[in-house]
Peer 1: 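Please find one structure pasted underneath; my questions will follow.
Just so you know, ligand 1 is whichever comes first in the structure, and atom 1 is the first atom listed for that ligand.
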Amino acid sequence: MSPLLITNIKQLINVRKENHLVKGKELSVLPSIEDAWLIIEDGIIAEYGKMEQLSTVNRQLSTIDASGQFILPAWCDSHTHLVFAASREEEFVDKIKGLSYAEIAAKGGGILNSARKLNETCEDELFNLAWKRLEEAAKLGTGAIEIKSGYGLTVEGELKMLRVIKRLKEKSNLTIKATFLGAHSYPIEYKENHRGYIDLIKNKMLPVIAAEKLADYIDVFCETGFFSPEETEEICKAGMRYGLKPKIHANQLNLSGGVEVGVKLNAVSVDHLETMDESTIKTLATSNTIGTLLPTAAFFLRMPFQPARQLIDAGCGIALATDFNPGSSPSYNVNLVVAMSCIQMKMLPEEAINAATINGAYAMEMEKELGSISVGKKANLIFTKPIPSLAYLPYSFGTNLIDKVMINGEFI
Ligand code: NIG
Ligand code: FE
């Protein structure tokens, strides 16, 4: 394919020559070039610079004019549950009417509701449903996505979900990472037999997952009433023996001990973090583990938002993700996550964009290929509509300001 030149870019956002996880104060620095050009070759970012320095040779290339538009790296959504059988809006309405989580669970709701439906749904149908969601997410600027299992909770169900994710990886132009979340909840038949379910994960699920290369990461829902820190550690270590690094659901509803286990095991990320105290913040800040914040889950469950300011001020490396799932965050819109983190968590627009691009790439270990405008990285790009400033993106929340999305150098 012949090289493509994009000219008159109002601002080229998150331009980086060198790669590192962006932590603490540095999150507010978003390197950008005003009045820029960019060349894409074979799906890769080849060159960029300021318009006044565009050579006469390069001016001959086939060109797209981006006057008034901002170009950003596509979103890296590092935490989703995109594969599921059915939506759960009936629970949403029950909650509005005042039913408690326990009452909803008693009516067969929650994760176990999704698990029952998933086990009744065939692999092809799950694939088709997930494929449509993936396409819609890409239109909203997502270029890379992590997808978890965890609605199977049986050997067949978990493997079916992971095989769906593998097919998505093979067919999609998006970069996809798969996470095994067999430890999302205890299935009813193992409610009083935790040992039995943990052994099922270790002896029946993990060996097949490893043999078929179905997962990149291992996740556990470390939470009161779900998996204890000790159980979390045991399951993560079992996954680690097969080369799966941990990415853990931690501290969503309680000080669950999940952050401490994650840091101890050198997890790639600990995710959620609605419930943090000074000591857990310090533990995370002095580690290499990324704190992935999921504000739309807090919003949807009417919970306090993640303490982003304290985390950033303490020096943590923060990523933002959607947690897209039918129970606690039925949205795959990263633009909304970015806006909500600014509006409700007082993140600066620069901090939010770093967290949803370069740090999201780190949270999927894709930082060498994604997450910034850097020579040699994939041309996964968001072209905004003409906007007055970068802050206008989160400011005008709920408005679709995306003009075009490019994945691997091609417009979708
Ligand atoms: O990340 N926290 C645990 N799991 C999911 C949602 C579970 C569900 O209700 O389906 C989450 O929020
Ligand atoms: Fe989640």
Peer 1: Restricting to N, O or S, what is the name of the atom of His81 that lies nearest the Fe ion (ligand 2)?
Peer 2: NE2
Peer 1: Looking at Lys25, I'd like to know if its NZ atom is crowded, meaning that more than 12 non-hydrogen atoms belonging to other residues, nucleotides or ligands lie closer than 6.0 Å.
Peer 2: no
Peer 1: Short N/O distance, under 3.5 Å, between Ser114 and ligand 1?
Peer 2: no
Peer 1: Show me which atoms of ligand 1 lie under 4.0 Å from any heavy atom of Asn325.
Peer 2: 5 (C), 6 (C), 8 (C), 10 (O), 11 (C), 12 (O)
Peer 1: Kindly check if the number of other-residue, nucleotide or ligand heavy atoms within 6.0 Å of CD (Glu170) is above 12?
Peer 2: yes
Peer 1: Which distance, rounded to the nearest 0.5 Å, do you find between the NE2 of His272 and the CG of Asn251?
Peer 2: 10.5 Å
Peer 1: For a quick test of your reading: what N or O donor-acceptor pairs under 3.5 Å do the side chains of residues 401-412 make, sequence neighbours left out?
Peer 2:
| from | atom 1 | to | atom 2 | distance (Å) |
| --- | --- | --- | --- | --- |
| Asp403 | OD2 | Gln69 | NE2 | 2.8 |
| Asn408 | ND2 | Asn173 | O | 3.2 |

Peer 1: Write out the residue and atom name of the closest protein heavy atom to atom 7 (C) of ligand 1, then the distance separating them to 0.1 Å.
Peer 2: Ile111 CG1, 3.5 Å
Peer 1: List the closest protein heavy-atom neighbour of atom 12 (O) of ligand 1: residue, atom name, distance to the nearest 0.1 Å.
Peer 2: Ser328 OG, 2.5 Å
Peer 1: Which residue and non-hydrogen atom of the protein lie closest to atom 5 (C) of ligand 1, and at what distance in Å?
Peer 2: His184 NE2, 3.6 Å
Peer 1: Quick check: are there more than 12 heavy atoms from other residues, nucleotides or ligands sitting under 6.0 Å from OH of Tyr395?
Peer 2: no
Peer 1: Indicate yes or no for a side-chain donor-acceptor contact from Trp37 to the backbone of Lys50 under 3.5 Å, with no hydrogens or angles considered.
Peer 2: yes
Peer 1: What angle, to the nearest 10°, do the atoms OD1 (Asp323) and NE2 (His249) form about the Fe ion (ligand 2)?
Peer 2: 170°
Peer 1: Taking the cut-offs as 6.0 angstrom to the six-membered ring centre and 45 degrees off its axis, would you call Arg133 and Phe84 a cation-pi pair?
Peer 2: yes
Peer 1: Closer than 2.8 Å to the Fe ion (ligand 2), do we get an N, O or S atom from His272, backbone or side chain?
Peer 2: no
Peer 1: Answer yes or no on whether Lys191 is positioned over the face of Tyr186, meaning its NZ or CZ is under 6.0 Å from the six-membered ring centre and within 45° of the axis.
Peer 2: no
Peer 1: I need the nearest protein heavy-atom contact for atom 10 (O) of ligand 1: residue, atom name and distance, please.
Peer 2: Tyr151 OH, 2.5 Å
Peer 1: In the protein, which heavy atom is nearest to atom 9 (O) of ligand 1, and how far is it?
Peer 2: Arg88 NH2, 2.8 Å
Peer 1: Among the heavy atoms of His81, does any lie under 4.0 Å from an atom of ligand 1?
Peer 2: yes
